[in-house]
Asker: 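Handing you this structure, nothing more for now.
Chain letters run A, B, ... following the sequence lines, proteins first and then strands; every chain starts at 1.
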2 protein chains.
Amino acid sequence: MKKVSASTIERLSMYLHLLREMAADGVTKISSEELAAKCGTSAAQVRKDLSFFGTFGKRGLGYSVDELIKALRGILGLERRWRVALVGAGKIGAALLAYQDFARQGFDIVAVFDVDPKKIGKEWHDLTIQSDDQMELALRAGIDIAIVAVPAEAAQAVVKRITGAGVRAILNFAPTKLNVPDTVAVKTVNMAMELEGLSYALVNDTRGPRTVNTRPAASAGMRDSNG
Amino acid sequence: MKKVSASTIERLSMYLHLLREMAADGVTKISSEELAAKCGTSAAQVRKDLSFFGTFGKRGLGYSVDELIKALRGILGLERRWRVALVGAGKIGAALLAYQDFARQGFDIVAVFDVDPKKIGKEWHDLTIQSDDQMELALRAGIDIAIVAVPAEAAQAVVKRITGAGVRAILNFAPTKLNVPDTVAVKTVNMAMELEGLSYALVNDTRGPRTVNTRPAASAGMRDSNG
DNA sequence: GGCTGTGAAGACCTTCACAGCC
DNA sequence: GGCTGTGAAGGTCTTCACAGCC
């Protein structure tokens, strides 16, 4: 398990979601070819992605859906539940809390912080909004992942406090580049940037087979292929 | 202007955002080295990205901030405004409408659709929620981009109708893979997938310099570097 | 015969390094 | 001297193709 690309991890995540759907439909086995078709990637890619972590299939037979789900959950660290804190009790935070899929997948939002005195202390989606004064203390008390949903101007300062409190994973919704220590993992969701990518695709429409990926290199085939 | 990777486009978008901030601060010129430092990429990468589209700098002097902004806006197709429709008047849609940055960047959400009879006809963030029955007609009347914010189960059917109505760009928030014709560009924002990437980073923490990018290949340095 | 696992080949992306212009 | 623009080199990711097991 040396160096596995971010693209591979994204695809594993995608495989897992599809396998779960298939399991719910009663499917018990699948080939790399079938899984690839559903993901918009290639059979060789599926097998290569899995091969970084072990051997999960049977030659001539394919993969057991249940076993592969179990393996992927192990690889992605989803056999435990993660404690998540939401920083910023705005519209994006509300959307996230309403998006109950999170809890189902193993991510529990257990704390919410805001700087607005009018919000602090209020009940909000089954949680009490806490003052950001208490943030460091609460984060140290067992938060694994922080979701940053504050205005861009405030994001870097908030992130510094979050990493200072020992949190090593951040999901960032602020449209800004964050500087964090090497030991901290950051993923940014930037909707304006995605729209600009669509704008580019529209003005450069070649009207032929093409792929507009949301990601760089490994990007291809990850998010979606529109080919 | 042959084949430009998705990674390059993402970086151009990032350059543009940073340049706008600098322009607002009164900065008038910049070198590839400075821009790269702010984006977490390399000077050579900045110059190579720009070189696909022309020559915008002056040797020995660097780039004019204003001219580069203008050039990037042209490349990304941001010199015009885009008409956007939101499909699904739920929490995610509300967050998007509240996120006024969109309009500022050239994307105007001008229509909202939903299937819920209780919502149809209601005023909502300055828009009237329309029945999805009227969707095709409204989309044909000049919508460039559709934002899909419906449950995963409904997404593929909705997307088929959207593409059938001639829309060629989709921003998808449903956690599912979409099948669309080759002529349609799709970008998917999947928060569950991002969280799973963070989960993987946490369980594989090597405590050394590392980069967790959100994107595949080109991914590196795009979204954010956390090094 | 069917399908996986994997080294090798190929494609793509980034970095290097320097010629060329200011 | 400083910095861009770019061919060439280097690295990474994907695809190919086949050996190996069921």
Side-chain angles (χ1 to χ4, degrees), chain A residues 1-12 14-15 28-37 39-65 67-68 71 210-223 225 227, chain B residues 1-12 14-15 28-37 39-65 67-68 71 210-223 225 227:
Chain A
M1 196 180 298
K2 289 290 111 66
K3 267 190 71 182
V4 179
S5 74
S7 335
T8 289
I9 302 306
E10 283 195 20
R11 281 190 300 266
L12 293 181
M14 187 182 288
Y15 302 155
T28 58
K29 68 183 223 21
I30 191 170
S31 69
S32 59
E33 188 68 48
E34 295 171 286
L35 189 51
C39 292
T41 183
S42 68
Q45 184 76 76
V46 169
R47 297 199 299 273
K48 181 71 84 181
D49 286 339
L50 294 173
S51 76
F52 289 119
F53 300 95
T55 132
F56 307 105
K58 284 188 180 53
R59 298 177 193 225
L61 297 174
Y63 302 87
S64 150
V65 171
E67 282 175 27
L68 197 46
R210 60 190 292 176
T211 301
V212 178
N213 296 303
T214 182
R215 301 309 170 124
S219 203
M222 250 337 281
R223 296 300 177 106
S225 63
Chain B
M1 198 181 299
K2 288 290 112 66
K3 265 190 71 184
V4 179
S5 74
S7 334
T8 289
I9 302 306
E10 283 196 19
R11 280 191 300 266
L12 293 181
M14 187 182 288
Y15 302 155
T28 58
K29 69 181 220 22
I30 191 171
S31 68
S32 58
E33 189 69 46
E34 294 171 287
L35 189 50
C39 293
T41 184
S42 70
Q45 184 75 76
V46 169
R47 297 199 300 272
K48 181 68 84 177
D49 286 338
L50 294 173
S51 75
F52 289 119
F53 300 94
T55 133
F56 307 105
K58 284 189 178 53
R59 297 176 194 226
L61 296 174
Y63 302 87
S64 150
V65 171
E67 283 175 25
L68 197 46
R210 60 190 291 175
T211 303
V212 178
N213 296 301
T214 181
R215 300 310 169 125
S219 204
M222 249 337 278
R223 297 295 176 109
S225 64

Asker: Could you please name the option among C:dT6, C:dC3, C:dC12 that lies closest to any side-chain atom of A:Ser31?
Answerer: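 So the nucleotide nearest the side chain must be C:dC3.
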
Asker: Let's see if you can work this out: which of C:dC13, D:dT14, D:dT4 has an atom nearest to the side-chain heavy atoms of A:Thr8?
Answerer: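 Of the candidates, D:dT14 comes closest.
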
Asker: State which residues pass side chain to side chain contact (heavy atoms under 4.5 Å, CB included) with A:Ser64; sequence neighbours excluded, sorted by chain then number.
Answerer: A:Asp66, A:Glu67

Asker: What is the distance from atom OG of A:Ser32 to atom CZ of A:Phe56, rounded to the nearest 0.5 Å?
Answerer: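 A:Ser32 atom OG to A:Phe56 atom CZ measures 14.0 Å (nearest 0.5 Å).
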
Asker: What integer distance in Å separates A:Lys29:NZ from C:dC3:P?
Answerer: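 From A:Lys29 NZ to C:dC3 P: 7 Å.
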
Asker: Are A:Arg11 and A:Thr41 packed together at the side-chain level, in the sense that at least one heavy-atom pair is separated by less than 4.5 angstrom?
Answerer: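 A:Arg11 reaches A:Thr41 side chain to side chain.
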
Asker: Taking the side chain as everything from C-beta on, heavy atoms only, tell me whether A:Tyr63 gets closer than 4.5 Å to A:Arg47.
Answerer: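 A side-chain contact under 4.5 Å exists here.
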
Asker: Would you say A:Tyr63 reaches C:dG5's phosphate, i.e. side-chain N/O to OP1/OP2 under 4.0 Å?
Answerer: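 Answer yes for this pair, as a side-chain N or O of A:Tyr63 is under 4.0 Å from OP1 or OP2.
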
Asker: Taking a pair as Watson-Crick (N1 to N3 plus N6-O4 or O6-N4) or G-U wobble (N1-O2 and O6-N3), both under 3.5 Å, which stems of 3 or more consecutive pairs involve DNA chain C?
Answerer: C:1-22 with D:1-22

Asker: A:Asp49 or B:Ala43: which one's nearest nucleotide on DNA chain D is closer to the 5' end?
Answerer: B:Ala43

Asker: Does any part of the side chain of B:Leu50, heavy atoms only, come nearer than 4.5 Å to the side chain of B:Leu68, both counted from C-beta?
Answerer: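 Yes, side chains in contact.
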
Asker: With A:Tyr15, which residues qualify under side chain to side chain donor-acceptor pair (under 3.5 Å), at least two apart?
Answerer: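 If we apply the side chain to side chain donor-acceptor pair (under 3.5 Å) test to A:Tyr15, skipping adjacent residues, the hits are A:Asp49.
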
Asker: How does each nucleotide of nucleotides 15-22 of chain C score, in 5' to 3' order, for protein heavy atoms under 4.0 Å: base (B), sugar-phosphate only (S), or none (-)?
Answerer: BBB-BBBS

Asker: Less than 4.5 Å apart, side chain to side chain, heavy atoms only: is that true for B:Val65 and B:Thr28?
Answerer: no

Asker: Roughly, in whole Å, what's the span from CZ in A:Arg11 to C1' in D:dT14?
Answerer: 8 Å

Asker: Taking OP1 and OP2 of C:dT4, is either one under 4.0 Å from a side-chain nitrogen or oxygen of A:Ser32?
Answerer: yes

Asker: Counting side-chain heavy atoms from C-beta on, which of C:dC12, C:dC13, D:dT4 comes nearest to B:Lys3?
Answerer: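 It is C:dC12.
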
Asker: To the nearest Å, how far apart are A:Leu50 CG and C:dG5 P?
Answerer: 7 Å

Asker: Counting just side-chain N and O atoms, does A:Thr55 come under 4.0 Å of either OP1 or OP2 of C:dG5?
Answerer: yes

Asker: Taking CZ from A:Phe52 and P from D:dT12, how many angstroms apart are they, rounded to a whole number?
Answerer: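 Rounded to the whole Å, the gap is 12 Å.
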
Asker: Suppose we screen for side chain to side chain contact (heavy atoms under 4.5 Å, CB included). Which residues come up paired with A:Ser42, at least two apart in sequence or across chains?
Answerer: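 Applying side chain to side chain contact (heavy atoms under 4.5 Å, CB included) to A:Ser42 gives A:Ala44, A:Gln45.
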
Asker: Report the distance from atom CG of A:Leu12 to atom P of D:dC13, rounded to the nearest whole Å.
Answerer: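 Checked: the CG to P distance equals 14 Å.
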
